[in-house]
Amino acid sequence: MSNVVVVRVDEPILESNKKIASQLRELFASRGIHVFEFLGSPGSGKTALIEKLIECYPGDLSEIAYIGGDVASTLDTERILRHGVKGVQVNTGGACHLEAIHIRKALRELDIDGVRVLFIENVGNLICPIYFDLGSSMRILIVSVTEGEDKFIKHPVTVMNCDVIVINKYDLVEVMEVDVERMISDARRINPKAPIVLTSAKTNYGIDNLAKILGLM
Ligand code: MG
Ligand code: ZN
């Protein structure tokens, strides 16, 4: 057993990702850009919440940019661009997460002059995106009440490493018969530091609270 050689392919990838992420972080800091990365399952409401934050943004919309990661489509980026902000789509070609190098490539196509806020929407996935730092200022985890109340317990690494936890689709809480108190206490136990926000992109519930936590209001 002790002769078994274990080849770990993940470490060099993560190391090089870390290096690019820290270069990106320096670039964003030097330009005064606040970068918010949204992570969550497909259908958790990442795009909808970004749209709501754009709608209530008090500054000029030219100060906002968006990078959307998706396996294949451009649907989310089209939705965001309709609001009059600039953005680009990163198609990962099947990969299930964004890496820092994707952000660097996206920035070649995105004019960030005058931008104060950059939203990065990761590929819908609760597992591996958290391992790839994208140089963001804050990582926001979105879990909707329709996903089941055990989501936080099933994905502790993601919960532990995010900066803000959003429980979305709160308007459906009664229909879904979800115990939100339990969700909150699970999240709190796994990550005692991250603020937890209840939101509904449908009714606007909690959107102002989220905007305040992100410093966008
Ligand atoms: Mg989306
Ligand atoms: Zn992945």
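All figures in this text were calculated on a predicted structure; none of them were measured in a lab. As the structure lists them, so they are numbered: ligands from 1, and atoms in each ligand from 1.
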Query raised in the report: Would you call the rings of His97 and Phe132 parallel, tilted or perpendicular, where under 30° means parallel and over 60° means perpendicular?
Result: parallel
**Report entry** Neighbour count >12 (heavy atoms, 6.0 Å) for atom CD, Glu55
**Finding:** yes
Query raised in the report: Is the OH atom of Tyr131 crowded by more than 12 outside heavy atoms at less than 6.0 Å?
Result: no
Report summary line: ang(OD2 Asp76, the Mg ion (ligand 1), OG1 Thr47) rounded to 10° is 100°
Query raised in the report: For Glu121, what is the atom name of its N, O or S atom nearest to the Mg ion (ligand 1)?
Result: OE2
Query raised in the report: In degrees, rounded to 10 degrees, what angle do Cys96 atom SG and His97 atom ND1 make at the Zn ion (ligand 2)?
Result: 130°
Query raised in the report: Out of curiosity, Lys105 NZ to Ile20 CD1, how far, rounded to the nearest 0.5 Å?
Result: 9.0 Å
